[in-house]
Amino acid sequence: HLIHELNAYRKDGLALYLAARQLQGADRPDLALPLIRSARARGLPTRRLQVEAMRMHALCAFQSGLLDETETSFRELHAME
C-alpha cells in the first residue's frame with residue numbers, strides 16, 4: 001500500500017525498486033525482475049541505489065534463468081564501478 005502511494009507521488013523508480021526488493025527477499029525473482037527493469041528505466045535518485053538496482057537486476061535475471069540478461073547486467077555493473 002505504501003509503495004503504491006510512493007509510486008504515485010514520485011516520478012523516479014524508487015517505489016518500483018522497493019517493491020522489487022521485497023519480492024526478491026520473498027524469493028520471487030521472477031516477479032521482481034520486471035519491476036527492477038522498470039525502476040532502472042525510470043531512474044533512481046542516488047548512485048548507490050543505481051548500483052544496487054543493477055546488482056539486483058543481474059541476480060534476479062540469473063535466478064530466473066536468463067543468462068544473456070545476467071551477463072549484460074553484470075557487464076553494466078562492472079562498468080559502473
Side-chain angles (χ1 to χ4, degrees):
H1 180 67
L2 181 60
I3 290 174
H4 180 71
E5 288 181 23
L6 183 61
N7 193 41
Y9 176 73
R10 296 182 65 110
K11 300 298 180 196
D12 64 15
L14 182 61
L16 295 170
Y17 166 82
L18 293 172
R21 189 136 188 97
Q22 286 183 332
L23 289 167
Q24 183 188 30
D27 199 27
R28 291 306 308 259
D30 56 320
L31 298 178
L33 188 56
L35 294 179
I36 201 63
R37 286 178 188 137
S38 295
R40 292 187 55 234
R42 284 176 141 182
L44 291 159
T46 67
R47 175 147 176 83
R48 185 174 180 180
L49 284 174
Q50 292 165 2
V51 170
E52 177 56 22
M54 177 55 72
R55 187 199 65 77
M56 195 165 76
H57 185 160
L59 184 57
C60 287
F62 178 76
Q63 291 172 318
S64 298
L66 301 171
L67 300 183
D68 288 340
E69 187 170 347
T70 301
E71 181 179 3
T72 299
S73 296
F74 274 123
R75 287 182 190 276
E76 289 179 34
L77 178 61
H78 181 69
M80 291 176 81
E81 298 176 337

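Cluster annotation: Leu23 and Leu16 are assigned to the same hydrophobic cluster (Ile/Leu/Val/Met/Phe/Trp/Tyr, side-chain heavy-atom contacts under 4.5 Å, transitive). If you chain together hydrophobic residues whose side chains sit under 4.5 Å apart, Phe74 and Met54 fall into the same group.
Looking at Leu77 and Val51, their side chains come closer than 4.5 Å, going by heavy atoms from C-beta outward. Within the 4.5 Å cutoff, side-chain heavy atoms of Tyr17 are placed close to those of Met56. In this structure, Glu69 and His57 have side chains that are in contact, with non-hydrogen atoms separated by less than 4.5 Å. With contacts defined as side-chain heavy-atom distances shorter than 4.5 Å, the pair Ile3/Arg21 does not qualify. Within the 4.5 Å cutoff, no side-chain heavy atoms of Leu33 are placed close to those of Gln24.
The two residues Leu35 and Ala19 come nearest to each other via the heavy atoms CD1-CB, 3.9 Å. Gln63 and Pro29 make their closest contact through OE1-CB, 3.4 Å (heavy atoms, listed as atom of the first residue, atom of the second, distance). Residues Cys60 and Ala32 approach most closely at SG-CB, 3.9 Å, considering heavy atoms. Smallest separation of non-hydrogen atoms from Gly43 and Asp12: O-CB, 3.3 Å. Scanning both residues, Phe62 and Leu67, for their nearest heavy atoms gives CD1-CD2, 3.9 Å.
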Next item on the list: May I have the step-by-step check of side-chain contact (heavy atoms from CB on, under 4.5 Å) for Glu76 and Arg40, ending in yes or no?
Entry: CA-CA 12 Å; Glu76 289 179 34; Arg40 292 187 55 234; 3.0 Å; yes

Next item on the list: Show the numbers, then the answer: is there a side-chain contact (heavy atoms from CB on, under 4.5 Å) between Leu59 and Arg55?
Entry: CA-CA 6 Å; Leu59 184 57; Arg55 187 199 65 77; 3.8 Å; yes

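When atom types are taken as modelled, the side chain of Gln50 and the backbone of Leu44 share a donor-acceptor pair closer than 3.5 angstrom.
A salt bridge between Arg75 and Glu71 is present, with a side-chain N of the basic residue lying under 4.0 Å from a carboxylate O of the acidic one. Taking 4.0 Å as the cut-off between side-chain N and carboxylate O, Glu5 and Arg10 do not count as a salt-bridged pair.
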